[in-house]
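These notes concern the structure reproduced below.
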Amino acid sequence: QSAGEFFTKFNSDISQAQRFFADFLPGVGRELITAVAVTGILFDFCPASLTFAALGSVALPAILVTVLNQIMGFYARAQRDTWSEIQRVFDETIQGIDTVKILAAEGRQAAHFQKHTSWLEKLSIRAGAVLSVFSPGIELLSQLGGLGLVALAYYLIARGKMGLEPFLLFFFYATLLQMSVSQLTRL
């Protein structure tokens with residue numbers, strides 16, 4: 001491993017560790033407490049069917065975002081590994097420039113370099129395609145869940161099973177729950 005590659009990876013790992021301790025731990029604690037408290041409030045003041053529907057409409061997109069993040073993490077690790085191989089080939093080429101061996105191996109090094117760069121390009125395109133297909137789909141599912149909650153709340157109000165005050169309270173806390181779970185998923 002070249003010194004440049006090691007230094008780049010080391011800096012990246014240090015910055016990720018700093019972000020983890022600065023954002024993740026306090027953020028997860030805060031959002032988890034908020035989500036649990038809001039869920040308790042919803043169960044206390046709102047009909048159980050509406051609260052369960054809210055939990056489902058919040059949990060399903062959160063699960064899908066988590067799966068999408070795992071897929072993107074796989075692509076990021078593969079891209080990092082491919083980039084490391086490209087950097088190694090590049091370093092070998094630079095180190096061998098003053099020797100006669102580079103003239104004999106120039107074609108082989110170029111083919112090796114081309115193979116890795118084309119793989120990185122294909123990998124980046126695949127990662128972008130996965131993100132561009134699933135991200136809007138998850139957003140649409142989340143919006144449809146919110147629309148379903150409005151329809152269910154209207155049904156409960158029309159049947160006299162829920163008053164206007166609990167309806168307003170529900171949507172305030174359901175929105176707070178959705179934001180907390182979304183933030184937890186992001187973290």
Side-chain angles (χ1 to χ4, degrees), residues 9 11-81 83 120 122-187:
K9 282 184 177 179
N11 277 339
S12 173
D13 292 343
I14 290 295
S15 67
Q16 286 178 4
Q18 288 172 336
R19 279 194 308 271
F20 176 76
F21 285 111
D23 294 336
F24 182 78
L25 293 177
V28 164
R30 181 185 63 244
E31 298 303 335
L32 197 56
I33 290 169
T34 302
V36 169
V38 166
T39 302
I41 290 169
L42 287 174
F43 272 116
D44 191 39
F45 287 106
C46 299
S49 61
L50 193 58
T51 302
F52 280 121
L55 289 174
S57 72
V58 166
L60 184 61
I63 290 168
L64 293 175
V65 167
T66 302
V67 170
L68 179 62
N69 287 341
Q70 289 174 344
I71 292 169
M72 296 311 291
F74 166 77
Y75 281 123
R77 284 187 298 279
Q79 286 173 330
R80 183 176 177 173
D81 292 343
W83 178 250
L120 182 62
K122 288 176 187 174
L123 196 60
S124 298
I125 290 170
R126 269 193 246 150
V130 166
L131 189 61
S132 67
V133 168
F134 286 106
S135 192
I138 292 170
E139 183 66 29
L140 178 65
L141 182 65
S142 180
Q143 290 173 354
L144 289 175
L147 187 61
L149 287 176
V150 170
L152 181 59
Y154 176 76
Y155 173 78
L156 290 172
I157 290 172
R159 300 289 253 177
K161 295 183 180 186
M162 185 174 169
L164 189 56
E165 293 82 17
F167 169 75
L168 295 174
L169 183 71
F170 168 77
F171 275 100
F172 171 75
Y173 283 112
T175 301
L176 189 59
L177 177 66
Q178 191 266 340
M179 289 187 312
S180 289
V181 171
S182 176
Q183 186 72 359
L184 273 171
T185 305
R186 186 192 70 78
L187 287 169

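Position 1 is the first residue of the sequence, and the numbers go up from there. Any value given below was found using the heavy atoms of this structure, including those in side chains, with hydrogens, waters and symmetry copies removed.
- Applying the ring-ring contact (aromatic ring centres under 6.0 Å, His included) test to Phe167 and every residue at least two apart in sequence or in another chain returns Phe171.
- Here the straight-line distance linking atom CD of Glu31 with atom CG of Leu177 works out to 10.5 Å at 0.5 Å rounding.
- Here CG of Leu168 is found 4.5 Å from CG of Leu164. Values are rounded to the nearest 0.5 Å.
- The minimum heavy-atom distance linking Gly163 with Ile157 is given by the pair O-CG1, 4.3 Å.
- Considering only residues two or more places apart in sequence or on other chains, Phe43 meets the ring-ring contact (aromatic ring centres under 6.0 Å, His included) condition with Phe52.
- Between the CG atom of Leu68 and the OG1 atom of Thr185 there is a distance of 11.5 Å, given to the nearest 0.5 Å.
- To the nearest 0.5 angstrom, Leu32 atom CG is 11.5 Å from Arg30 atom CZ.
- The list of side-chain hydrogen bond (donor to acceptor under 3.5 Å, both in side chains) pairs with a residue in residues 150-173, not counting sequence neighbours, reads Tyr155-Arg159.
- Residues Leu42 and Leu50 are not in side-chain contact: their nearest non-hydrogen atoms beyond the backbone lie 4.5 Å or more apart.
- Looking at Pro61 and Gln178, their side chains never come closer than 4.5 Å, going by heavy atoms from C-beta outward.
- Each of Ile63, Asn69, Val67 was checked for a side chain to side chain contact (heavy atoms under 4.5 Å, CB included) with Val65, and the lone residue meeting it is Asn69.
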Self-check item: Intermediate values then yes/no, side chain to side chain contact (heavy atoms under 4.5 Å, CB included), Gln143 and Leu147
Solution: CA-CA 6 Å; Gln143 290 173 354; Leu147 187 61; over 6 Å; no
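- Just one residue in the list Ser49, Pro166, Cys46 forms a side chain to side chain contact (heavy atoms under 4.5 Å, CB included) with Leu156, and that residue is Ser49.
- Rounded to the nearest 0.5 Å, atoms OG1 (Thr51) and CD1 (Ile41) are 11.0 Å apart.
- Nearest heavy atoms, Val181 versus Ala62: CG1-CB, 3.6 Å.
- Closest heavy-atom contact between Leu149 and Ser57: CD1-OG, 3.4 Å.
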